[in-house]
Number of protein chains: 2
Amino acid sequence: MTASAQPTHPRRSDATRAAILRAARERFAADGYERATIRAIAADAQIDPSMVMRYYGSKEGLFAAAAEFDLRLPDLNAVPPAHLGAVLIRHFLARWEGDETLVALLRAASTNPGAAERMRGIFADQLTAAVAVFGTDPAMTARRAGLVASQILGLAFTRYIVRLPPMVDTPPEELVSWIAPTLQRYLTGMPAS
Amino acid sequence: MTASAQPTHPRRSDATRAAILRAARERFAADGYERATIRAIAADAQIDPSMVMRYYGSKEGLFAAAAEFDLRLPDLNAVPPAHLGAVLIRHFLARWEGDETLVALLRAASTNPGAAERMRGIFADQLTAAVAVFGTDPAMTARRAGLVASQILGLAFTRYIVRLPPMVDTPPEELVSWIAPTLQRYLTGMPAS
DNA sequence: GTCTATAATTCGATAGAC
DNA sequence: GTCTATCGAATTATAGAC
């Protein structure tokens, strides 16, 4: 992990490992867990399929390595309270368009239990922690985070997975203007009657 | 289709066909398209796997028959305008809890192109048609329907597929009180700023 | 480190007896 | 209509030569 912990080897085929991970993310994102084969991933990375097994042990291990993900949520305390929803939705849109790892995770989570578990972990830990700074009681905090996740993941599902035409065609800034108030209310509002 | 169109046969093994469809919906909903096998579906229905092929031709044909779905949306013109969001979210929650077909379709749509196409059709045709009664221009109508779909499918994805704990634990009526205002604004509101 | 060969399963689909 | 038997293909994973 850390760059200069142990100079065991002068770095060997780290480039190969990186190429495998890149190809794996692409395939998992495009085809889902079951249809993405080790053979296809190896072909994309222009290496032998057995190398994938050697480096990552199994298909599950490869996915676990490829689906490592950090939402990189900003500190919500540093955001003007009135702009919380807009900041969040802009952050997620940028994070999604720029890194296909989250799409791979989203698609795989539908059929692979391990991927679903990781999805739960990411949103339970990272998103709930970010919401927790407002300091309401834990149950309400978890509920707010869950509601935010439902709209964020629904946006991703309709735009990147199912590709509903209106959700694909709508420009990001228009999506922001519609969805920001929703997140704002989930974060700071109260349920209606 | 119609019950008494042609008395060709005094009805043979229609019960078998129905048992197959029921088992298929369960398996597709629980495992997704790829992991749900014809053998497992046949075992659940307590019939021979070759019967599935005989009746439905292929796995794709079986899925197409099992994933037939009607949202049964109410006429939104008959709903008090202020209650549109609440009526819609209650309708979807009831539709989802009572029929696993939509869960099967949702899970399969992540990895199977045909299922995704069917999902697009259902929401583009049925939901857009229901929203169209308000008679704004077609582009805006499609956009409103897409936004509604994003929140509805996000709720289903987090509650029934990924099973985020706060979304599973929250009682339906509390979900309604949070989500109804969101749908209300997507249907009748204007984008912020 | 890299590759060939193959083991061990599993699946969708077909052929054909009864 | 129903079932047995099986084909052919594809997959993950392993063993071992070089």
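Just so it is clear: chains get the letters A, B, ... in the order the sequence lines come, proteins before strands, and each one is counted from 1.
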A.B. asks: Have a look at A/Thr16 and say if it touches a base, only the backbone sugar-phosphate, or nothing, with a 4.0 Å heavy-atom cut-off.
C.D. replies: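 Answer is nothing: A/Thr16 stays at 4.0 Å or more from every strand.
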A.B. asks: To the nearest angstrom, how far is A/Gln46 atom CD from C/dG1 atom P?
C.D. replies: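 So the two atoms are 19 Å apart, to the nearest Å.
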A.B. asks: Would you mind reporting whether B/Leu73 and B/Leu88 have side-chain heavy atoms less than 4.5 Å apart?
C.D. replies: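 The answer is yes; the side chains approach within 4.5 Å.
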A.B. asks: Can you tell me how far P of D/dG1 sits from CZ of B/Arg17, to the nearest Å?
C.D. replies: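 So the CZ-P distance, B/Arg17 to D/dG1, works out to 8 Å.
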A.B. asks: Could you state the atom-to-atom distance from CZ of A/Arg35 to P of D/dA10 in whole Å?
C.D. replies: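 Taking CZ of A/Arg35 and P of D/dA10, I get 14 Å after rounding.
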A.B. asks: Taking CZ in A/Arg22 as the centre, count heavy atoms belonging to other residues, nucleotides or ligands within less than 6.0 Å. Is the count above 12?
C.D. replies: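 Incorrect, the count does not exceed 12.
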A.B. asks: I'd like to know if A/Arg107 and A/Glu100 make a salt bridge, using a cut-off of under 4.0 Å between side-chain N and carboxylate O.
C.D. replies: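 Not counted as a salt bridge, because no side-chain N and carboxylate O are separated by less than 4.0 Å.
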A.B. asks: Starting at atom CE of A/Met51, determine the distance to atom P of C/dC3, rounded to an integer number of angstrom.
C.D. replies: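 In whole Å, C/dC3 P and A/Met51 CE are 7 Å from each other.
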A.B. asks: Applying a 4.0 Å non-hydrogen cut-off, can you work out what B/Tyr55 is touching in the nucleic acid: base, sugar-phosphate, or nothing?
C.D. replies: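 Since only primed, P, OP1 and OP2 atoms lie under 4.0 Å of B/Tyr55, the category is sugar-phosphate.
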A.B. asks: Mind calculating the distance between CG (A/Asp48) and C1' (C/dT2) to the nearest angstrom?
C.D. replies: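 It works out to 7 Å between those atoms.
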A.B. asks: I need the CE-P distance between B/Met53 and C/dG12, as an integer number of Å.
C.D. replies: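 After rounding, the reported distance stands at 9 Å.
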A.B. asks: Apply the side-chain contact (heavy atoms from CB on, under 4.5 Å) test between A/Ile89 and each candidate in A/Leu155, A/Leu175, A/Thr182; give the one that qualifies.
C.D. replies: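 So, applying the side-chain contact (heavy atoms from CB on, under 4.5 Å) to A/Ile89 and each of A/Leu155, A/Leu175, A/Thr182, only A/Leu155 qualifies.
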A.B. asks: Taking for each residue the nucleotide of DNA chain D with the nearest heavy atom, is it A/Ala36 or A/Arg54 whose nucleotide lies nearer the 5' end?
C.D. replies: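 Per heavy-atom nearest nucleotide, the more 5' residue is A/Ala36.
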A.B. asks: Contact class for B/Ser50 vs. all strands (heavy atom < 4.0 Å): base, sugar-phosphate, or nothing?
C.D. replies: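 The residue B/Ser50 makes base contact.
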A.B. asks: Let me know the distance between CG of A/Asp14 and C1' of C/dG1, rounded to the nearest Å.
C.D. replies: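 From A/Asp14 CG to C/dG1 C1': 14 Å.
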A.B. asks: To the nearest Å, give me how far apart CZ (B/Arg39) and C1' (C/dT10) are.
C.D. replies: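 Between C1' of C/dT10 and CZ of B/Arg39: 7 Å.
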